[in-house]
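Since the model is a prediction, treat every value here as computed from it, not as a measurement. FYI, the numbering just counts along the sequence from 1.
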Amino acid sequence: MVYVVGKNDNLITELKSLAAKKKVGNQDMEIKNSSTYDPKISCSIIYLLPEELKSASTALAKNKGNGTLLVAEGTNACKAGASINFMIIENKVKFEYSKNNAVKAGLKTNDDFKALATKNID
């Protein structure tokens with residue numbers, strides 16, 4: 001499950017449309033959304049929108065080492081604990097990546113992915 005924290009109706013609509021068409025292995029994708037972080041929700045991916053980046057430390061503490069990917073949009077999001085931070089550079093969506101944060105989260109990493117990042121934070 002992908003848990004989006006914050007308000008962006010267009011993003012939620014797109015993710016739900018994508019989830020209706022795609023599977024992860026044999027499993028259906030599920031998208032959950034709330035305006036603020038709810039630590040009772042278990043998921044594989046947490047996506048923090050800019051206004052909810054302040055929830056990063058709580059989300060990290062609750063999910064430490066269990067393989068939950070923390071993705072964010074915001075200034076210094078990788079420094080706040082996100083493994084991936086989306087940003088707009090020259091009108092294009094790019095991302096920065098923190099391998100250290102991914103390892104701390106209990107995720108397996110791949111240097112091929114690291115090579116795709118615009119910036120590596122470690």
Side chains of [X] and [Y], heavy atoms from C-beta outward: is any pair under 4.5 Å?
| X | Y | result |
| --- | --- | --- |
| N63 | I46 | yes |
| Y97 | L116 | no |
| L49 | L11 | yes |
| Y37 | K54 | no |
| I88 | V93 | yes |

Can you get from [X] to [Y] by hopping between Ile, Leu, Val, Met, Phe, Trp and Tyr side chains that sit under 4.5 Å apart?
| X | Y | value |
| --- | --- | --- |
| I12 | L53 | no |
| L15 | Y47 | yes |
| V4 | F86 | yes |
| F95 | I89 | no |

For a quick test of reading the model, state the closest non-hydrogen atom pair linking [X] to [Y] and the distance between them.
| X | Y | value |
| --- | --- | --- |
| M1 | S42 | CE-O, 2.8 Å |
| T68 | C43 | OG1-O, 3.3 Å |
| S98 | D122 | OG-OD1, 2.9 Å |
| K23 | N26 | NZ-O, 3.9 Å |
| A77 | E96 | N-OE2, 4.5 Å |

Donor-acceptor under 3.5 Å ([X] side chain, [Y] main chain):
| X | Y | answer |
| --- | --- | --- |
| N85 | V71 | no |
| S35 | K7 | no |
| K62 | P39 | yes |
| S55 | T36 | no |

Working to the nearest 0.5 angstrom, can you tell me the gap between [X] [atom1] and [Y] [atom2]?
| X | Y | atom1 | atom2 | result |
| --- | --- | --- | --- | --- |
| M29 | I45 | CE | CD1 | 7.0 Å |
| L107 | L69 | CG | CG | 6.0 Å |
| Y3 | L70 | OH | CG | 12.0 Å |
| S83 | N101 | OG | CG | 5.0 Å |
| E73 | E52 | CD | CD | 12.5 Å |
| E14 | K16 | CD | NZ | 13.0 Å |

